[in-house]
Enquirer: 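Below you'll find the structure I mean.
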Amino acid sequence: MFGRHNRFKSRIEIERNVLSIVNKTYSNINPLEGLTHASIAKWATQMDNSKLYILLFEISNMSSLHNDCSRDIFSEEEMDLKVGLYEKIDSLHNFISKLG
């Protein structure tokens with residue numbers, strides 16, 4: 001149970017971080033409301049930036065895998081995924097900072 005609680009908190013932290021990065025930069029359009037594929041696809045119709053769209057989908061997929069409780073037995077894979085996820089978020093931040 002403790003692992004699920006930590007994953008939930010991590011998922012919320014990741015989502016808030018990504019939404020903050022994106023919505024601060026793109027304050028002139030409707031905000032990105034979440035990291036589901038549907039939310040990203042809906043938000044992306046307002047703009048034409050396929051690299052950002054792909055990066056957000058990758059973060060969404062990695063976040064979902066990171067929060068999948070069935071992965072508990074693969075602790076090394078879990079750490080690799082978490083590191084990769086935070087690297088992807090750093091890439092998002094760097095990509096968006098170059099736009100502004």
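What you see is a predicted model; the values in this text were computed from it and never measured.
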Enquirer: Which heavy atom of Gly84 sits nearest a heavy atom of Met62, and at what distance?
Expert: C-CE, 3.2 Å

Enquirer: Rounded to the nearest 0.5 Å, what separates atom NZ in Lys88 from atom CG in Asn61?
Expert: 10.5 Å

Enquirer: What's the separation between atom NE2 in His93 and atom CG in Asp90, rounded to the nearest 0.5 Å?
Expert: 8.5 Å

Enquirer: Should Ile21 and Phe95 count as side-chain neighbours, where that means a heavy-atom distance under 4.5 Å?
Expert: no

Enquirer: Would a 4.5 Å heavy-atom cut-off, applied to side chains only, mark Ser20 and Lys24 as touching?
Expert: yes

Enquirer: Quick one: do the Ser39 and Thr36 side chains pair a donor with an acceptor below 3.5 Å?
Expert: yes

Enquirer: So do the side chains of Arg16 and Leu19 get within less than 4.5 Å of each other, counting heavy atoms only?
Expert: no

Enquirer: Could you tell me if the side chain of Tyr26 sits less than 4.5 Å from the side chain of Asn49, heavy atoms only?
Expert: yes

Enquirer: Tell me, please, which residues at least two apart from His37 pass ring-ring contact (aromatic ring centres under 6.0 Å, His included).
Expert: Phe57

Enquirer: So which heavy atom on Tyr53 is nearest to which on Ala44, and how close?
Expert: CD1-CB, 3.1 Å

Enquirer: State, to 0.1 Å, how close Ser10 and Tyr86 come at their nearest heavy-atom pair, and which atoms those are.
Expert: OG-OH, 4.0 Å

Enquirer: Give a yes or no on whether Leu92 and Ile54 share a hydrophobic cluster (residues Ile, Leu, Val, Met, Phe, Trp, Tyr; joining criterion: side-chain heavy atoms under 4.5 Å apart).
Expert: no

Enquirer: From Met47 CE over to Leu32 CG, what is the distance, rounded to the nearest 0.5 angstrom?
Expert: 10.0 Å

Enquirer: Could you state the interatomic distance from OG (Ser91) to NZ (Lys51), rounded to the nearest 0.5 Å?
Expert: 8.0 Å

Enquirer: Test your reading of the model: is there a side-chain donor-acceptor pair from Glu15 to the backbone of Ile12, 3.5 Å cut-off?
Expert: no

Enquirer: Quick one: does Ser27's side chain get under 4.5 Å of Asn23's, heavy atoms only?
Expert: no

Enquirer: Using salt bridge (charged side-chain N to carboxylate O under 4.0 Å, His left out) as the criterion, list what pairs up with Glu33, not counting sequence neighbours.
Expert: none

Enquirer: Provide the closest heavy-atom pair for Ile14 versus Leu85 in the form atom of the first, atom of the second, distance.
Expert: CD1-CD2, 3.1 Å

Enquirer: For the residue pair Asn30 and Lys42, establish whether any side-chain heavy-atom pair is separated by less than 4.5 Å.
Expert: no

Enquirer: Taking Ser60's backbone N and O only, do any of them form a donor-acceptor pair with Ser64's side chain (distance below 3.5 Å, no angle check)?
Expert: yes

Enquirer: If you count the non-hydrogen atoms of other residues, nucleotides and ligands that lie under 6.0 Å from CG in Asp48, is the total more than 12?
Expert: no

Enquirer: Would you mind telling me which of Leu56, Ile59, Val22 makes a side-chain contact (heavy atoms from CB on, under 4.5 Å) with Ile40?
Expert: Leu56

